[in-house]
S.K.: 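My questions all concern the structure below.
Order of appearance sets the numbers: ligands from 1, and atoms from 1 within every ligand. Positions are given from 1 along the sequence.
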Amino acid sequence: MKPERGPLRVALLGCGVVGSEVVRLLREQADDLAARVGTPLELAGVAVRRPERVRAGVDPALVTTDAQGLVTRDDVDIVVEVIGGIEPARTLMLEAMKTGKSVVTANKALLAEDGATLFAAAREYGADLYYEASVAGAIPLLRPLRESLVGDHVHRVLGIVNGTTNYILDQMDSNGAGFNEALEEAQALGYAEADPTADVEGFDAAAKAAILAQLAFHTPVTAADVHREGITEVSAADVAGAKGMDCVVKLLAICERVPSDGGAQDGRNGRGVSVRVYPAMIPRSHPLASVREAYNAVFVEAESAGSLMFYGAGAGGAPTASAVLGDLVAVARNVVGGTPGPVEVTYAKLPVLPMGETVTRYYIHLDVTDEAGVLAAVAAEFARHEVSIQAVRQVGLGEEAQLVVVTHRAPDAALSAVVEGLRGLDSVREVASVMRVEGEE
Ligand SMILES: NC(=O)C1=CN([C@@H]2O[C@H](COP(=O)(O)OP(=O)(O)OC[C@H]3O[C@@H](n4cnc5c(N)ncnc54)[C@H](O)[C@@H]3O)[C@@H](O)[C@H]2O)C=CC1
Ligand SMILES: N[C@@H](CC=O)C(=O)O
Ligand code: NA
């Protein structure tokens with residue numbers, strides 16, 4: 001008979017919004033977790049920055065400021081990193097893996113900047129590196145991509161992956177809240193990053209897009225490869241313009257294969273991949289339009305599976321801790337069974353195409369002089385760049401005259417050239433709003 005093994009000892013790095021919930025779940029669910037793993041999970045230590053702070057439910061004897069010492073201790077089996085940021089998180093995780101420990105992390109910023117170093121270490125030292133919490137909080141999304149869909153051919157991953165910005169845009173749309181007021185609420189609810197610039201400028205969503213694209217297309221993608229636009233420029237006028245079109249503004253992450261031009265020897269992979277994050281209008285009838293507050297939702301389109309939708313809590317302490325615990329149990333089971341989990345493969349090495357080559361649609365709102373020939377001058381600017389107009393509508397008269405133009409799909413470079421051209425027209429007083437349109441054609 002196999003000898004019963006002792007408890008698995010867990011080192012927790014960071015005890016903030018997510019870390020404190022991990023401690024709570026480990027304590028409250030100890031018996032169930034032990035039964036599911038086959039042996040108890042025991043907290044060996046909690047590395048913090050401010051040891052003097054009272055932390056409910058955390059045994060003060062376990063608290064240390066020596067994170068480096070904790071991750072290299074012989075009596076630690078698994079390290080959970082919920083500090084965030086690049087350093088010291090990277091060094092601590094590498095040290096842990098070098099000394100034979102498996103790692104669970106929620107750190108999308110680090111994975112998207114230097115995941116390659118971490119994955120190489122996991123491979124070299126035979127350690128597990130699990131990171132479900134890093135994208136879309138509680139939603140099981142990375143495991144499905146990493147395992148369930150690994151036999152399929154993913155064409156596209158599209159969705160809302162940042163809870164803070166979704167909360168802000170939802171508040172602006174549904175009750176006319178101001179940007180700053182809504183951001184403060186999102187911070188108070190524990191959704192925002194330590195520096196919320198990461199959320200509102202789209203860095204967080206871009207990091208998540210890089211992680212998703214890498215898994216979906218088996219190709220190396222870092223945050224630097226992702227075209228990124230945040231929501232700080234989204235004005236009340238943009239939100240109102242969207243309403244006028246029966247649309248809603250959402251910050252979208254889009255990862256897709258770009259088909260070949262035809263006849264090229266690109267095979268099923270196409271010319272490469274497009275990975276981008278920007279605020280876009282989507283019709284209110286689209287399923288993503290009904291994703292409210294800090295919820296996230298992601299569509300995955302795969303050749304054989306068809307279209308799959310993943311929806312749930314994308315941010316917040318308890319939902320994120322749920323994903324961390326799921327990984328912790330998976331890793332602990334691997335340790336008990338002596339079989340490591342999957343390793344990342346980025347064999348495809350597809351090029352990430354520049355944003356200018358990506359095909360999108362624009363909504364353009366112009367303040368114009370109300371005189372003969374304006375429409376012709378505006379239309380000529382679109383024709384000059386071979387951008388075809390889907391709809392044009394005039395609103396108001398005289399000083400108040402406005403034109404709303406929605407285009408068909410065209411290369412993004414051509415669309416931005418049109419906008420530049422419109423800015424130079426005498427009859428255009430102001431380009432009041434420009435936004436991409438997704439979710440229909
Ligand atoms: N809050 C959320 O909804 C989600 C957070 N995440 C990720 O989880 C991680 C943690 O996020 P939060 O808990 O929200 O952040 P937080 O700022 O509330 O907690 C981080 C904690 O780490 C501590 N810390 C910083 N440097 C340290 C060091 N050298 N040694 C020990 N402790 C240190 C800080 O004092 C803080 O208490 C981040 O990577 C974040 O991106 C992922 C998904 C959702
Ligand atoms: N700040 C992030 C937290 C989860 O990843 C968000 O708002 O989505
Ligand atoms: Na997740």
S.K.: What protein heavy atom is closest to atom 10 (C) of ligand 1, reported as residue, atom name and distance in Å?
M.R.: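 Closest protein heavy atom to atom 10 (C) of ligand 1: Val82 O, 3.3 Å.
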S.K.: Contact between Ser134 and ligand 1, counting heavy atoms under 4.0 Å?
M.R.: no
S.K.: Side chain or backbone, does Ala192 bring an N or O within less than 3.5 Å of an N or O on ligand 1?
M.R.: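 Min N/O separation from ligand 1 is not below 3.5 Å for Ala192.
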S.K.: What are the atoms of ligand 2, with element, lying closer than 4.0 Å to any heavy atom of Lys208?
M.R.: 2 (C), 4 (C), 5 (O), 6 (C), 8 (O)
S.K.: Quick one: which ligand 2 atoms are inside 4.0 Å of a heavy atom on Glu193?
M.R.: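 Selected atoms, number and element: 1 (N), 2 (C), 3 (C).
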S.K.: Please determine whether Val135 has a backbone or side-chain N, O or S atom lying under 3.0 Å from the Na ion (ligand 3).
M.R.: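 Looking at Val135, which is the residue asked about, there is an N, O or S atom under 3.0 Å from the Na ion (ligand 3).
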S.K.: With atoms numbered from 1 as shown, which atoms in ligand 2 lie under 4.0 angstrom from a non-hydrogen atom of Thr164?
M.R.: 1 (N), 6 (C), 7 (O)
S.K.: For atom 17 (O) of ligand 1, which protein heavy atom lies nearest, and how many Å away is it?
M.R.: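 Answer, as residue, atom name and distance: Ala194 CB, 4.2 Å.
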S.K.: What does the angle at the Na ion (ligand 3) come to, between atom O of Glu132 and atom O of Gly137, rounded to 10°?
M.R.: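 An angle of 100° at the metal.
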S.K.: Quick check: Gly316 and ligand 1, any N/O pair under 3.5 Å apart?
M.R.: yes
S.K.: What do you reckon, is CD of Glu233 surrounded by more than 12 foreign heavy atoms closer than 6.0 Å?
M.R.: no
S.K.: May I ask you to decide if the ring planes of Phe119 and Tyr131 are parallel, tilted or perpendicular, using 30° and 60° as cut-offs?
M.R.: tilted
S.K.: Which is it for Ala106 and ligand 1 at heavy atoms under 4.0 Å: side chain, backbone, both or neither?
M.R.: both
S.K.: Go through ligand 2 atom by atom and flag the ones less than 4.0 Å from a non-hydrogen atom of Ala192.
M.R.: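 Near Ala192, the atoms of ligand 2 are 1 (N).
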S.K.: Check the surroundings of atom CG in Asp31: do more than 12 heavy atoms from other residues, nucleotides or ligands lie under 6.0 Å from it?
M.R.: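 Not buried by this count: 12 neighbours or fewer within 6.0 Å.
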S.K.: Would you kindly say whether Tyr278 and Asp412 are connected by a side-chain donor-acceptor distance under 3.5 Å?
M.R.: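 Absent: no donor and acceptor within the cut-off.
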S.K.: Only one of Val249, Leu169, Asn162, Thr164 forms a side chain to side chain contact (heavy atoms under 4.5 Å, CB included) with Ile231, so which one is it?
M.R.: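 Among the candidates, only Leu169 passes.
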S.K.: Quick one: nearest non-hydrogen protein atom to atom 1 (N) of ligand 1, plus distance?
M.R.: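 Result: Gly190 O, 3.2 Å.
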S.K.: Classify the side-chain pair Asp199/Thr165 by whether it contains a donor and acceptor separated by less than 3.5 Å.
M.R.: no
S.K.: I need the contact type for Val17 against ligand 1. Using non-hydrogen atoms and a strict under-4.0 Å cut-off, is it side chain, backbone, both or neither?
M.R.: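 Both parts.
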S.K.: Taking atom CG as the centre, does Asn175 end up with more than 12 heavy-atom neighbours from other residues, nucleotides or ligands that are less than 6.0 angstrom away?
M.R.: yes
S.K.: Does this structure show an ion pair linking Lys101 with Glu95, if we count only N-O contacts that are shorter than 4.0 Å?
M.R.: no
S.K.: On the 0 to 90° scale, with breaks at 30° and 60°, tag the Phe299-His286 ring pair as parallel, tilted or perpendicular.
M.R.: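 It falls in the perpendicular class, over 60°.
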S.K.: Protein heavy atoms: any of them under 4.0 Å from atom 41 (O) of ligand 1?
M.R.: yes
S.K.: Below 4.0 Å, non-hydrogen atoms only: which portion of Ala89 touches ligand 1? Side chain, backbone, both or neither.
M.R.: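 Answer for Ala89: neither.
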S.K.: So which heavy atom in the protein is nearest atom 25 (C) of ligand 1, and how far is it from that ligand atom?
M.R.: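 Protein heavy atom at minimum distance: Ile83 CG2, 3.4 Å.
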S.K.: Counting from 1, what ligand 2 atoms have a heavy atom of Asp199 closer than 4.0 Å?
M.R.: 1 (N), 2 (C), 6 (C), 7 (O)
S.K.: Any idea which part of Asp204 is under 4.0 Å from ligand 2, heavy-atom wise: side chain, backbone, both or neither?
M.R.: side chain
S.K.: Would Arg276 and Glu438 pass as an ion pair if we require N to O under 4.0 Å?
M.R.: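 Here Arg276 pairs with Glu438 in a salt bridge, since their nearest N and O are under 4.0 Å apart.
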S.K.: Does ligand 2 have any atom sitting under 4.0 Å from a heavy atom of Gly314?
M.R.: yes
S.K.: Can you check which of Glu21, Arg53, Glu132, Arg49 brings a heavy atom nearest to atom 35 (O) of ligand 1?
M.R.: Arg49
S.K.: Hey, which atoms in ligand 2 end up nearer than 4.0 Å to a heavy atom of Gly163?
M.R.: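 With Gly163 as reference, the close atoms of ligand 2 come out as 6 (C), 7 (O), 8 (O).
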S.K.: Any idea which atoms of ligand 2 are less than 4.0 Å away from a heavy-atom of Asn162?
M.R.: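 Numbered from 1, ligand 2 contributes 2 (C), 6 (C), 7 (O), 8 (O).
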S.K.: List the closest protein heavy-atom neighbour of atom 11 (O) of ligand 1: residue, atom name, distance to the nearest 0.1 Å.
M.R.: Val18 CG2, 4.0 Å
S.K.: So, Thr64 versus Asp66: side-chain donor-acceptor pair below 3.5 Å or not?
M.R.: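 The answer is no; no qualifying pair exists.
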S.K.: Minimum heavy-atom separation for Val46 and Val58, please, with both atom names.
M.R.: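 Shortest heavy-atom separation between Val46 and Val58 comes out as CG2-CG1, 4.2 Å.
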S.K.: Applying a strict 4.0 Å limit to heavy atoms, is Asn107 in contact with ligand 1?
M.R.: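 Contact present.
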S.K.: What atoms of ligand 2 come within less than 4.0 Å of a heavy atom belonging to Lys108?
M.R.: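 Contacts of ligand 2 toward Lys108, numbered from 1: 2 (C), 3 (C), 4 (C), 5 (O).
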S.K.: Roughly how far, to the nearest 0.5 Å, is the NZ atom of Lys250 from the CD1 atom of Ile282?
M.R.: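 Reported to 0.5 Å precision, the distance equals 6.5 Å.
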S.K.: Could you go through Leu43 and Asp59, starting from their C-alpha distance and side-chain angles, then the distance that decides it, and tell me whether this counts as side-chain contact (heavy atoms from CB on, under 4.5 Å)?
M.R.: CA-CA 10 Å; Leu43 207 49; Asp59 178 355; over 6 Å; no
